Amino acid sequence: MTMAPAMGETSPEKLLAPVLSAFWDEPRSWTLETYLRHDGYQGARKALAMAPDDVIGYVKDSGLRGRGGAGFPTGMKWQFIPQGDGKPHYLVVNADESEPGACKDIPLLFAAPHTLIEGIVIACHAIRSNRAFIYLRGEVVPVLRRLHEAVREAYAAGYLGTNVLGSGLDLELTVHAGAGAYICGEETALLDSLEGRRGQPRLRPPFPAVAGLYACPTVVNNVESIASVPAILAKGKEWFRSMGTDKCPGFTLYSLSGHVANPGQYEGPMGITLRQLLDMSGGMRPGHRLKFWTPGGSSSPMFTAEHLDVPLDFDSVGAAGSLLGTKSLQCFDETTCVVRAVTRWTEFYAHESCGKCTPCREGTYWLVQLLRDIEAGKGRKSDLDKLADISDNINGKSFCALGDGAAAPILSSLQHFRAEYEQHITGRGCPFDPSKSTLWADGPQNSHLEVNA
Amino acid sequence: MTHDVQLGMPSLPAPDYPAEVRERLAADAKEVIERYPDSRSALLPLLHLVQAEEGHVTRTGLRFCAETLGLTTAEVTAVATFYTMYRREPGGEYQVGVCTNTLCAVMGGDAIFEGLRRHLGIGNGDTTPDGKITLEHVECNAACDFAPVVMVNWEFFDNQTVESAKALVDDLRAGRGADPTRGAPLCTFRETSRILAGFPDPRPGAVEASGGAGPASLAGLRLAKGEHPPRVGPPRRAPAQGDGPAPHHEEGEG
């Protein structure tokens with residue numbers, strides 16, 4: 001029997017389920033010594049005693065779905081790797097967390113990098129790989145330092161290198177820092193980047209499972225997906241399936257940010273609702289109400305207060321017209337101008353478009369021109385239809401999902417807030433005061449968390 | 001930001017590094033290349049490495065990468081110009097990046113950027129005359145629960161205000177240094193680039209600096225343990241006693 005969190009339940013002890021984050025409050029949580037005190041590498045020991053195919057089957061049975069945005073079953077992705085093909089197999093961990101709103105993998109790696117390394121050991125055993133890479137975005141040097149150190153510790157203790165834990169598995173792990181490009185979070189662009197090229201998405205098929213890194217079979221998984229595997233092995237697939245929903249089991253990190261009283265990471269079962277998360281965490285900042293929010297970062301169509309009770313699992317959010325994505329719950333209150341928010345996101349997509357596909361490269365440019373005019377009160381009514389038209393010409397018409405992501409905030413905001421766009425046009429300007437939206441707008445007593453770590 | 005557009009005669013080949021520099025970099029490059037099954041994968045780290053040498057990616061640096069990996073300078077330049085972390089012109093010792101993606105911008109990032117721009121008297125991408133600070137807009141840096149965020153040499157300064165950011169750059173310009181809320185005491189942009197090339201930070205205590213997870217990262221865990229947060233956070237003027245310094249607590253402009 002799987003249990004989605006009951007509606008109306010507000011007790012954090014019952015609703016939350018810290019697994020990955022369970023020991024992040026330890027003083028030296030990032031060290032191997034701390035990790036071992038919290039059953040570290042027990043999952044790997046169990047997995048290494050199993051046949052590789054059995055590990056794949058076990059992860060498949062657990063129902064784990066990729067935590068990087070698409071929700072594809074992790075075990076199935078592993079199963080696609082051809083066996084006995086004589087080619088090297090690669091595991092590449094996507095730690096290029098760059099989606100606006102996404103902020104789960106970076107704190108995970110800062111607080112507990114060994115969770116990922118243990119997951120890598122298990123995954124490489126399963127897919128018969130001797131070579132793994134962590135592709136970390138470059139702009140997070142504190143995390144890079146801890147990964148360097150964790151990998152060094154893991155080699156020294158025999159969790160990496162030759163004959164891992166006496167199992168016969170040889171495993172080399174390289175930490176690779178990127179150099180600033182959102183597009184490299186797209187798995188085929190990431191592979192091109194890791195090969196020392198401009199990060200531009202590849203046409204698929206062939207999929208990375210057949211021709212990935214150096215044209216060899218490659219699994220690309222998100223940090224949180226791989227980091228979730230050790231607990232599944234150690235505590236059992238039944239335990240994992242006891243959380244979340246039937247189709248989307250397990251625990252996950254929800255990242256709450258924006259105009260909320262207590263932003264942060266909240267780890268709980270799949271299927272929790274934003275209402276439950278807000279109720280338990282202190283709600284929106286005092287005196288304000290939720291206006292719009294993203295369930296999965298800026299590339300997921302925005303929701304409003306009407307959607308507070310949508311269960312946050314891949315299927316339910318999809319059915320409600322958006323994407324669970326990276327579970328990046330960016331909450332904006334009534335002081336926020338939706339046109340300003342969408343314009344800024346669109347500028348981001350235009351800046352980050354890799355330029356390969358014409359609809360995305362040209363479309364995002366023109367969307368920015370139109371939106372800047374509208375925000376500045378220089379737009380025309382017909383511009384709104386043009387925005388929708390251009391968005392439609394990008395959506396689904398490029399190699400990768402960056403273009404779809406660019407269209408999502410525009411189309412969804414036009415759906416929910418068309419009147420606000422019109423107000424900018426008829427009123428010849430923006431009716432909002434941006435100073436009201438700041439962290440310090442209501443005085444220092446409302447600043448959310450203390451600065452120090 | 002403007003970049004050289006040269007029409008007419010192509011420029012002469014870039015000068016090489018002095019022999020001793022080249023020898024030192026060649027040894028580093030060999031170590032980097034050995035991490036990969038295919039040498040071209042070393043290109044991004046090597047670009048970080050040449051940036052560590054001169055503070056930006058020079059034509060000499062591009063030539064070094066090309067010769068080391070058996071690529072043309074055009075191939076290397078195509079890659080170097082694709083990624084935003086490679087500087088194409090000299091910059092300051094400290095790169096101050098203000099997140100102005102939507103969430104940080106709305107929460108105060110726009111005001112912080114504007115405040116710094118006026119305070120320093122420079123625009124986006126520019127460097128102060130003393131060579132200390134390069135001011136930049138940066139995109140979302142995976143710290144939305146700590147918004148608004150300022151990055152200095154890619155270390156986190158969380159929950160910033162206009163005043164705290166001004167005090168931060170004043171400290172940096174005066175040589176007083178600064179300790180990030182998450183990360184190690186600041187090193188120079190060039191030293192940071194070397195870490196990015198894959199050479200671990202050699203400073204004792206750098207890995208431990210600033211302690212464990214930041215407070216927002218622990219919000220859910222504390223709730224699950226029965227520690228119910230107050231609806232309203234503590235005032236900024238009362239820094240928690242912790243294991244790391246908290247240099248900037250000034251209130252924002254109302």
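None of the values given here were measured: they were computed from a predicted structure. Convention: sequence-line order gives letters A, B, ...; per-chain numbering from 1.
Only the side chain of A:Y90 comes within contact range of chain B, with at least one heavy atom under 4.5 Å from a heavy atom of that chain. Contacts between A:L147 and chain B at a heavy-atom distance below 4.5 Å are absent for every atom of the residue. In this structure, the portion of A:E149 lying under 4.5 Å from any heavy atom of chain B is its side chain and not its backbone. Looking at B:E75, there are no atoms closer than 4.5 Å to chain A (heavy atoms on both sides), in backbone or side chain. For B:T100, the parts lying near chain A are the backbone and the side chain together; criterion is any non-hydrogen pair under 4.5 Å. With a 4.5 angstrom heavy-atom cutoff, B:A206 touches chain A via backbone and side-chain atoms both. Of the atoms belonging to A:A102, it is backbone heavy atoms, and not side-chain ones, that fall under 4.5 Å from chain B. Within the 4.5 angstrom heavy-atom criterion, no atom of B:A80 approaches chain A. At a 4.5 Å heavy-atom cutoff, the contact between A:P18 and chain B is made by side-chain atoms alone.
Nearest approach of A:F110 to B:S210, heavy atoms of both residues: CZ-OG, 3.8 Å. Closest approach of A:P263 to B:A216, counting heavy atoms only: O-CB, 3.7 Å. The minimum heavy-atom distance between A:F348 and B:N101, with the atom names listed, is CD1-ND2, 3.3 Å. Heavy atoms only, all atoms of each residue included: A:G199 and B:Y83 are closest at N-OH, 3.1 Å. Between B:L44 and A:G196, the shortest heavy-atom distance links the atoms CD1-CA, 4.3 Å. B:D145 approaches A:L256 most closely through the heavy-atom pair CB-O, 3.7 Å.
In terms of heavy-atom pairs under 4.5 Å with chain B, the best-connected choice from A:P434, A:S193, A:C331, A:C337 is A:S193. Top candidate by heavy-atom pairs under 4.5 Å with chain B, chosen from A:G101, A:A179, A:S255, is A:A179. Put simply, of A:R197, A:E26, A:E267, the one with the most heavy-atom pairs under 4.5 Å next to chain B is A:R197. Put simply, of A:A111, A:P100, A:A17, A:S21, the one with the most heavy-atom pairs under 4.5 Å next to chain B is A:P100. Counting heavy-atom pairs closer than 4.5 Å to chain B, the top-ranked of the candidates A:G178, A:S98, A:S29, A:G268 is A:G178. Counting heavy-atom pairs closer than 4.5 Å to chain A, the top residue among B:L46, B:N153, B:N141 is B:N141. For the set A:A177, A:G138, A:G355, A:S298, the entry with the most heavy-atom pairs within less than 4.5 Å of chain B is A:G138. By number of non-hydrogen pairs under 4.5 angstrom with chain A, the leading residue of B:V79, B:L69, B:L43, B:L47 is B:V79.
Side-chain contact between A:Y182 and B:C140 is absent, with no heavy atoms from C-beta onward closer than 4.5 Å. For the pair A:V141 and B:F156, the minimum side-chain heavy-atom distance is 4.5 Å or more. At least one side-chain heavy atom of A:H259 sits less than 4.5 Å from a side-chain heavy atom of B:V106. With a 4.5 Å cut-off on side-chain heavy atoms, A:S257 and B:F146 do not count as touching. Here the side chains of B:F82 and A:C354 are in contact, with some heavy-atom distance below 4.5 Å. At least one side-chain heavy atom of B:I195 sits under 4.5 Å from a side-chain heavy atom of A:H148. Side-chain contact between A:E139 and B:M85: present, with at least one pair of heavy atoms (C-beta onward) separated by less than 4.5 Å. Looking at heavy atoms from C-beta onward, B:V207 lies in side-chain contact with A:W30 at the 4.5 angstrom threshold.
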Side chain to side chain contact (heavy atoms under 4.5 Å, CB included) between B:L103 and A:F332: does it pass, once the steps are laid out?
CA-CA 8 Å; B:L103 190 125; A:F332 297 90; 3.9 Å; yes
Evaluate side chain to side chain contact (heavy atoms under 4.5 Å, CB included) for A:R198 paired with B:T81, printing each intermediate quantity in order.
CA-CA 9 Å; A:R198 297 163 78 94; B:T81 54; 3.9 Å; yes
Take B:R35 and A:V175 through the side chain to side chain contact (heavy atoms under 4.5 Å, CB included) test and state the conclusion after the steps.
CA-CA 9 Å; B:R35 295 182 207 141; A:V175 179; over 6 Å; no
Should B:L223 and A:Y266 be marked as a side chain to side chain contact (heavy atoms under 4.5 Å, CB included) after you check the CA-CA gap, both sets of side-chain angles, and the distance that decides it?
CA-CA 9 Å; B:L223 262 187; A:Y266 293 83; 3.6 Å; yes
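In this structure, A:L439 CG and B:N159 CG are separated by 6.5 Å, a value rounded to the nearest 0.5 Å. Between the CH2 atom in A:W24 and the CZ atom in B:R222 there is a gap of 12.5 Å [rounded to 0.5 Å]. A distance of 6.0 Å separates CG of B:L218 from CG of A:D25, quoted to the nearest 0.5 Å. The structure places CD of B:E34 at 11.5 Å from OG1 of A:T174, a figure rounded to the nearest 0.5 Å. Here A:E99 contributes atom CD and B:C144 contributes atom SG; the two are 9.5 Å apart, rounded to the nearest 0.5 Å.
A:H176 contributes no side-chain N or O that, together with a main-chain N or O of B:A42, makes up a donor-acceptor pair within less than 3.5 Å. Of the possible polar contacts, none joining the A:R145 side chain to the B:P200 backbone as a donor-acceptor pair under 3.5 Å is found. Looking only at distances, no side-chain donor or acceptor of A:S437 sits under 3.5 Å from a matching main-chain atom of B:M107. Put simply, the side chain of B:Y36 never gets that close to the backbone of A:E195: no donor and acceptor are under 3.5 Å apart. Not a single donor-acceptor pair under 3.5 Å links the side chain of B:T102 to the backbone N or O of A:R344. Between the side chain of B:S217 and the backbone N or O of A:P107, no donor-acceptor pair lies under 3.5 Å.
Using a cut-off of 4.0 Å between Lys/Arg side-chain N and Asp/Glu carboxylate O, B:D110 and A:R340 are scored as salt-bridged. Ion pair B:E139/A:R137 not flagged as a salt bridge, since none of the NZ, NE, NH1 or NH2 atoms sits closer than 4.0 Å to an Asp/Glu carboxylate oxygen.
Annotation for B:R118: atom CZ does not count as buried by contact number, only 12 or fewer foreign heavy atoms lying within 6.0 Å.
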